There are 2 protein chains.
Amino acid sequence: MSRSDTTQPKLDETDRKILRIMQQDATISFERLAKKVNISKTAVWNRIQRLQQSGVIVRQAAIVDGRRAGLQEVFFVTIRTNSHDAGWLENFHRAIQEMPEIQEAHRLAGEIDYLLKVRVPSTAEFDAFYKRLISRISIYNVTSSLSMEVLKEETALPV
Amino acid sequence: MSRSDTTQPKLDETDRKILRIMQQDATISFERLAKKVNISKTAVWNRIQRLQQSGVIVRQAAIVDGRRAGLQEVFFVTIRTNSHDAGWLENFHRAIQEMPEIQEAHRLAGEIDYLLKVRVPSTAEFDAFYKRLISRISIYNVTSSLSMEVLKEETALPV
DNA sequence: CTTGAAAAACATGCCGC
DNA sequence: GCGGCATGTTTTTCAAG
């Protein structure tokens with residue numbers, strides 16, 4: 001199952017401190033990080049190594065401001081479907097992975113089957129995206145909601 | 001307004017290449033990055049400096065796997081309200097910023113007023129969060145949907 | 001924009017405790 | 001587990017074409 005392939009390494013408070021700091025600034029040197037969490041440089045190095053190998057730290061990345069990078073609009077797309085066969089699913093999964101405008105895709109419990117977060121340069125571009133989406137997959141019911149205002153968009157997790 | 005305080009620096013194709021690479025791996029050295037985008041090390045350095053100062057690159061951060069870090073569950077919370085006065089808004093905004101479980105918050109056009117993405121260790125923890133939320137703000141209608149499966153969760157934007 | 005140089009800061013691995 | 005030392009690498013600034 002999609003939920004079971006994730007082993008959970010035990011994290012102590014020092015690990016979580018390291019994660020909190022590195023989620024805000026991954027350019028910090030081992031030396032300064034070591035001082036902040038009150039262990040040696042070597043120990044910090046070993047812990048980060050372990051956190052990376054166990055997949056807790058996925059990667060270190062530049063966080064880009066969507067609006068300033070020319071991607072002004074965020075839409076949320078809810079999808080209800082009636083075809084739940086394997087072929088439809090595979091097709092749907094492939095479409096999601098292949099369409100870079102789709103930033104997030106979740107299968108939900110309840111009324112709505114799927115929720116997508118979509119980021120595009122403009123509402124006109126969203127319309128083009130929408131047409132491409134519905135031409136690729138058969139959908140029973142779709143609704144698209146424009147985000148008028150982003151109140152919070154936080155990449156750092158509360159570890 | 002909340003949408004107009006974002007100036008948009010012009011980005012050329014080299015800038016976008018740099019952003020694409022650094023969104024995947026910010027630990028790359030200037031030298032290797034320079035080779036990849038076919039300009040000099042110094043030029044890369046200057047561009048990155050400019051991208052950071054103009055706010056296109058917000059920061060460089062460790063990307064953490066929520067499940068492996070002990071945050072197993074994702075919920076989406078839709079909110080409809082009937083009180084739109086300034087006091088309610090301020091209170092709501094403060095609650096959103098202060099509750100670290102809330103990773104994203106959007107004001108939507110249409111039926112739903114607000115959409116929250118909430119990340120918690122367990123469904124029990126979500127229940128506790130939910131009670132805290134509705135005790136802080138008066139809400140006309142709320143629905144919470146559990147994400148059964150994360151099909152895609154991409155921090156890199158398609159610049 | 002480029003090359004090249006140079007100092008300071010840093011990463012990395014090894015050593016003995 | 002720890003601290004320190006040694007090596008090579010990287011960052012950052014600067015000069016000059």
Side-chain angles (χ1 to χ4, degrees), chain A residues 6-71 121 155-157 159, chain B residues 6-66 68-70 155-159:
Chain A
T6 300
T7 49
Q8 239 193 283
K10 281 177 272 303
L11 306 176
D12 64 13
E13 185 51 30
T14 304
D15 289 324
R16 278 192 290 271
K17 263 189 204 163
I18 292 172
L19 289 177
R20 265 178 246 131
I21 294 168
M22 289 187 69
Q23 283 189 111
Q24 294 305 327
D25 179 14
T27 69
I28 189 171
S29 74
F30 290 136
E31 219 163 283
R32 294 210 300 129
L33 187 50
K35 264 179 199 147
K36 282 206 179 194
V37 300
N38 287 316
I39 59 173
S40 75
K41 200 174 47 136
T42 318
V44 165
W45 194 82
N46 287 331
R47 279 172 187 265
I48 293 176
Q49 221 64 13
R50 190 168 43 74
L51 289 169
Q52 285 173 337
Q53 270 151 32
S54 63
V56 177
I57 294 177
V58 180
R59 64 176 192 278
Q60 300 185 23
I63 307 298
V64 171
D65 182 313
R67 292 245 157 89
R68 285 193 232 253
L71 297 161
T155 54
L157 310 186
V159 290
Chain B
T6 300
T7 49
Q8 237 193 287
K10 280 178 271 305
L11 306 176
D12 65 13
E13 185 50 31
T14 304
D15 289 323
R16 278 192 290 272
K17 264 189 203 163
I18 291 172
L19 289 177
R20 266 179 243 130
I21 294 168
M22 288 188 69
Q23 283 189 112
Q24 293 306 327
D25 178 14
T27 69
I28 189 171
S29 72
F30 291 136
E31 217 163 284
R32 295 210 302 128
L33 186 51
K35 265 179 200 149
K36 283 207 179 193
V37 300
N38 287 314
I39 58 172
S40 76
K41 196 176 49 139
T42 316
V44 165
W45 195 84
N46 287 330
R47 279 170 187 266
I48 293 175
Q49 221 63 13
R50 191 168 42 76
L51 290 168
Q52 286 174 337
Q53 270 151 33
S54 63
V56 177
I57 295 177
V58 180
R59 64 175 191 277
Q60 300 185 25
I63 307 298
V64 170
D65 183 314
R68 286 194 232 252
T155 53
L157 310 186
V159 291

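Note that this is a predicted model, so its numbers are computed, not measured. The basis for the numbers below is simple: all heavy atoms, side chains too, and nothing from hydrogens, waters or symmetry mates. Below, chain A is the first sequence line, B the second, and so on; all start at residue 1.
Whole-Å rounding puts the B:Gln49 CD to C:dC1 P distance at 13 Å. Atom pair B:Arg32:CZ and D:dT10:P shows a separation of 9 Å (rounding to whole Å applied). Rounded to a whole Å, the CD atom of A:Gln52 is 13 Å from the C1' atom of C:dT12. When the P atom of D:dG3 is taken as reference, atom CD of A:Glu31 falls 12 Å away, rounded to whole Å. Here the P atom of nucleotide C:dC1 and the CD1 atom of B:Ile48 are 13 Å apart, to the nearest Å. Here C:dT12 presents its C1' atom at 19 Å from CZ of A:Arg47, a figure rounded to the nearest Å.
In this structure, A:Asn46 reaches the D:dG1 phosphate: one of its side-chain N or O atoms is under 4.0 Å from OP1 or OP2. In this model, the phosphate group of C:dT12 is approached by a side-chain N or O of A:Trp45 to a distance below 4.0 Å at OP1 or OP2. Residue A:Thr42 places none of its side-chain N or O atoms closer than 4.0 Å to OP1 or OP2 of D:dC2.
Using modelled atom types, no side-chain atom of B:Arg68 and backbone atom of A:Leu51 make a donor-acceptor pair closer than 3.5 Å. Under the 3.5 Å distance criterion, the side-chain polar atoms of B:Arg20 are left unmatched by any main-chain donor or acceptor of B:Ala156.
For A:Ser29, counting side-chain heavy atoms from C-beta on, the closest listed nucleotide (D:dT12, C:dT12, C:dC10) is C:dC10.
Not a single donor-acceptor pair, N or O on each side, falls under 3.5 Å between the base of D:dT10 and the side chain of B:Lys41.
Using a cut-off of 4.0 Å between Lys/Arg side-chain N and Asp/Glu carboxylate O, B:Arg47 and B:Asp15 are scored as salt-bridged.
When all heavy atoms of A:Val64 and A:Ala69 are compared, the closest pair comes out as CG1-CB, 3.7 Å.
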